[in-house]
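The structure appears below as structure tokens.
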Amino acid sequence: MTHVRVRFAPSPTGYLHVGGARTALFNWLFARHHGGQFILRIEDTDRARLKEEAIDNFLNSFTWLGIDWDEGPGKDGPYGPYHQSERIDLYQTATKKLLASGHAYYCFCTAEELEERREQARREGRPPRYDSRCRDLSAAEQEQLRAKGRQPVVRIKAPEEGVTVVNDLIKGDVSFDNSTLDDFVIMKSDGFPTYNFACVVDDSEMQISHVIRADEHLSNTPKQIILYQALGLDLPQFAHVPMILAPDRTKLSKRHGATNVEEYRDKGFLPEALVNYLVLLGWSPSEEREFFTLDELVREFDLGRVSKTAAVYDNEKMTWMNGHYLRELPLETIVERAIPFLEQAGTVSRADLDDRERLTRVISAIRERVKTLAEIPDAVDYFYNEVTEYDEKGAKKHFAKEGVVELLETARERLAGLTEFTLENTEEAYRQLIEERGLSGGALIHPTRLALTGRTWGPGLFEVMILLGKEQCLQRLAAAVHHIKGN
RNA sequence: GGCCCCAUGGUCUAGAGGCCUAGGACACCACUCUUUCAAGGUGGUAACCCGGGUUCGAAUCCCGGUGGGGUCACCA
């Protein structure tokens, strides 16, 4: 294979979308698999929609996902600059070439005129194509229009007959009738290139070997091929990856919930899980397997195993995947990543957060019971804060029983009598009491859990006791008794 | 609407003519483990869009329908 150079070319108008993230990921994996380069190119030719902070958002998202780039913003290379707004001279040179060779021409129609004609075409049920009316304007006519103050655009002279075939690595050969193409704009009246033009000039200039992009660009590809041909340039390989759809089978958008990777981070998802989930949407490994590290993906990834069909994004599976990573990642890693969420929630004091040893034990106890980092503050709450209320259903079930007050008081005395408050001792004390009274384990354990945590679920009771410490246990048992009597 | 792409359980997918009585994963249900909730283990419900061909044989190849998606800008 020729030397692999691929690129991801976002337009800095918003955030990195999960669909974009997956496309970038496919590009990155392909580059790493083949020992090639992954380039980030900023397509900022639409100055009206440009957002200053967007580029940083993108870069942060990539870094968070573990995707690095060999050339691009902050990483100069031999084919820079990597912002299209700084490459205008390149597009102008290419335009001059096209104009000189008769492959392009100036068009003086205004945006309003064009919109009007498109509207009319639609009304009459015709395809809204540009009618090439400026194609053969004489020099004199052009002068006249310029004199009127009209700022022209430059259009490509598209072939009127024949067929343009896209040899796509994923879709196979796709043919387009040239008669369906019109003389599209390559340079806007503001002197900036259009997407298709800038894309071709840059992909060629940057020696891109494989253009791997979303399916929605497939219909742009014949236009780009025409530009390559007009400029006398070699074609890259094309690969159009299927789209990611929302559950209602439409394009994924804000109204479907979290769609950009920053939101996933903020909702407590792990980058490992997002990457793993996303890569499995549209790509399948050669062996039946669900979990892959980035390194394993680099080894396994293959464009040949990318599916042709659009995939529906499933948040349940994403969440399941996240839960898996939450359980499997090193404990220290989870603790590190949980801290920002705990800080944000503000329910655990600074001092408690700094007691890393206890925090680690607490998180170890609950981590397989949560699916996202964002659930951790709530799950650890009672280890750090007093229990102020009891689960309503649980209270009805466990606090309303005959003799529960006496039972909890007795249990409290037994615990109070322990000189060493260990897992073994506490359990032993409880087992003994259970046996004495001829109770089922749950009859004592359930009300105790509710008293200590306010909840009906959580880690093993004796683990909770040890984590809470003797004093807290005694205090909470007393408080619960007080609460029950008060009702 | 024109053009283009696609079509295996609710969802992600395996499958490149006989290995398919269609496999795996999520979700769901049951059982199991268990002091609870999870996690884990075991089992289960559930799919080849329809119609024609081709072939001894089709989820797989061809054609036609249907359905879904994408795209038709001086946006990328």
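Naming: A, B, ... by sequence-line order, numbering from 1 per chain. Note: hydrogens, waters and symmetry copies are ignored here, and every other heavy atom, side chains too, is used.
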Contact list please: residues 363-371 of chain A against RNA chain B, heavy atoms, distance less than 4.0 Å, in numerical order. Glu368(A), Arg369(A), Lys371(A)
Does C26(B) have its OP1 or OP2 closer than 4.0 Å to a side-chain nitrogen or oxygen of Trp320(A)? yes
Indicate, with a heavy-atom threshold strictly under 4.0 Å, whether Gly394(A) touches base, sugar-phosphate, or nothing. nothing
Would you indicate what Gly458(A) reaches in the nucleic acid, counting non-hydrogen atoms under 4.0 angstrom: base, sugar-phosphate, or nothing? base
When both distances are under 3.5 Å in a Watson-Crick or G-U wobble arrangement, the nucleotide paired with C28(B) is G44(B)
Taking the minimum atom-to-atom distance to the side chain of Ser284(A), which one of A14(B), U36(B), G40(B) wins? A14(B)
Can you measure Ile434(A) atom CD1 to U35(B) atom C1' for me and round it to whole angstrom units? 8 Å
Under a 3.5 Å limit on both distances, the Watson-Crick or wobble mate of C33(B) is none
Return the orientation label for the Phe62(A) and Phe8(A) ring planes: parallel under 30°, perpendicular over 60°, tilted otherwise. perpendicular
Quote, to the nearest angstrom, the C1' distance that separates G18(B) from G65(B). 29 Å
So what does Glu316(A) touch, heavy atoms closer than 4.0 Å: a base, only the sugar-phosphate, or nothing? sugar-phosphate
Report yes if at least one side-chain N or O of Arg305(A) is closer than 4.0 Å to OP1 or OP2 of A14(B); otherwise report no. no
Measure the acute angle between the ring planes of Phe291(A) and Tyr325(A), then classify it against the limits of 30° and 60° as parallel, tilted or perpendicular. perpendicular
Can you tell me, in whole Å, how much space there is between the C1' of G23(B) and that of C48(B)? 13 Å
For Ser175(A), answer base if it contacts any base atom (sugar-phosphate contacts may also be present), sugar-phosphate if it contacts only those atoms, and nothing otherwise; contact means non-hydrogen atoms under 4.0 Å. sugar-phosphate
Nearest to the side chain of Ile445(A), heavy atoms from C-beta on, is which of A14(B), U11(B), U35(B)? U35(B)
With both distances under 3.5 angstrom, what nucleotide forms a Watson-Crick or G-U wobble pair with C72(B)? G1(B)
Residue closer to the 5' end of RNA chain B, Arg449(A) versus His324(A) (nearest nucleotide): Arg449(A)
Kindly determine whether Glu436(A) and Gln432(A) satisfy side-chain hydrogen bond (donor to acceptor under 3.5 Å, both in side chains), including the steps that lead there. CA-CA 6 Å; Glu436(A) 279 172 28; Gln432(A) 216 167 28; 5.4 Å; no
Using Watson-Crick or G-U wobble geometry with both distances below 3.5 Å, tell me the partner of U66(B), or none. A7(B)
Any donor-acceptor pair under 3.5 Å joining the side chain of Lys317(A) to the base of A27(B)? no
Just do the side-chain hydrogen bond (donor to acceptor under 3.5 Å, both in side chains) check on His240(A) and Thr221(A) with the steps written out, would you? CA-CA 10 Å; His240(A) 288 92; Thr221(A) 309; 3.1 Å; yes
For His210(A) and Asn27(A), which I'm curious about, is there any donor-acceptor pair between the side chains at under 3.5 Å? no
Aromatic ring centroids of Tyr277(A) and Trp283(A) under 6.0 Å? no
Integer angstrom distance from the P of C19(B) to that of U36(B): 47 Å
In Watson-Crick or G-U wobble terms, both distances under 3.5 Å, what is the partner of A14(B)? none
Please report the distance separating the P of U60(B) from the corresponding atom of A7(B), rounded so that it comes out in whole Å. 11 Å
C1' atom, U13(B) versus C50(B): distance in rounded Å? 23 Å
Mind calculating the distance between CD (Glu288(A)) and C1' (G23(B)) to the nearest angstrom? 6 Å
Any strand: nucleotide that pairs with U54(B) via Watson-Crick or wobble, under 3.5 Å: none
Interatomic distance where NE2 belongs to His256(A) and P belongs to U11(B) [whole Å]: 15 Å
Protein proximity profile, nucleotides 62-76 of chain B - base contact B, sugar-phosphate-only contact S, no contact -, cut-off 4.0 Å on heavy atoms: ------SSSS-SBBB
Using a heavy-atom cut-off of under 4.0 Å over every strand shown, decide if Thr309(A) touches base, sugar-phosphate, or nothing. sugar-phosphate
Expressed in whole Å, how much space separates the C1' atoms belonging to A25(B) and A46(B)? 14 Å
Strand partner of A59(B), provided both Watson-Crick or wobble distances fall under 3.5 Å: none
Judged by modelled atom types alone, do Gln84(A) and Asp202(A) share a side-chain donor-acceptor pair under 3.5 Å? yes
Round to the nearest Å and state the distance from Arg289(A) atom CZ to A14(B) atom P. 16 Å
Across the strands shown, which category fits Leu461(A) at heavy-atom distances under 4.0 angstrom: base, sugar-phosphate, nothing? base
Using atom NZ of Lys393(A) as one end and atom P of C37(B) as the other, report the distance to the nearest whole Å. 12 Å
In whole angstrom, give me the gap between the P atoms of C61(B) and G68(B). 23 Å
Ring centres under 6.0 Å, that's the criterion: do His446(A) and Phe399(A) meet it? no
Using atom P in both nucleotides, what's the gap between G64(B) and C3(B) to the nearest angstrom? 13 Å
Whole-Å distance separating the CG atom of Asp314(A) from the C1' atom of A25(B): 11 Å
When the distance from CD of Glu427(A) to P of U34(B) is rounded to whole Å, what number comes out? 13 Å
Please work out if Pro242(A) contacts a base, only the sugar-phosphate, or nothing of the nucleic acid, heavy-atom cut-off 4.0 Å. nothing
Any donor-acceptor N or O pair under 3.5 Å, side chains Asp177(A), Ser179(A): no
Quick one: label Phe176(A) by what it contacts on the DNA or RNA (base, sugar-phosphate, nothing), any heavy atom closer than 4.0 Å. sugar-phosphate
Can you confirm whether the side chains of Tyr313(A) and Asn315(A) place a donor and an acceptor under 3.5 Å from each other? yes
Can a donor-acceptor pair be found between the side chains of Asn322(A) and Tyr264(A) at a distance below 3.5 Å? no
Starting from C1' on G40(B), measure out to CZ on Arg327(A) and report it in whole angstrom. 9 Å
Establish, yes or no, whether a centroid distance under 6.0 Å links the rings of Phe58(A) and Tyr15(A). no
Given Glu119(A), which of Glu116(A), Arg123(A), Arg117(A) fulfils the side chain to side chain contact (heavy atoms under 4.5 Å, CB included) condition? Arg123(A)
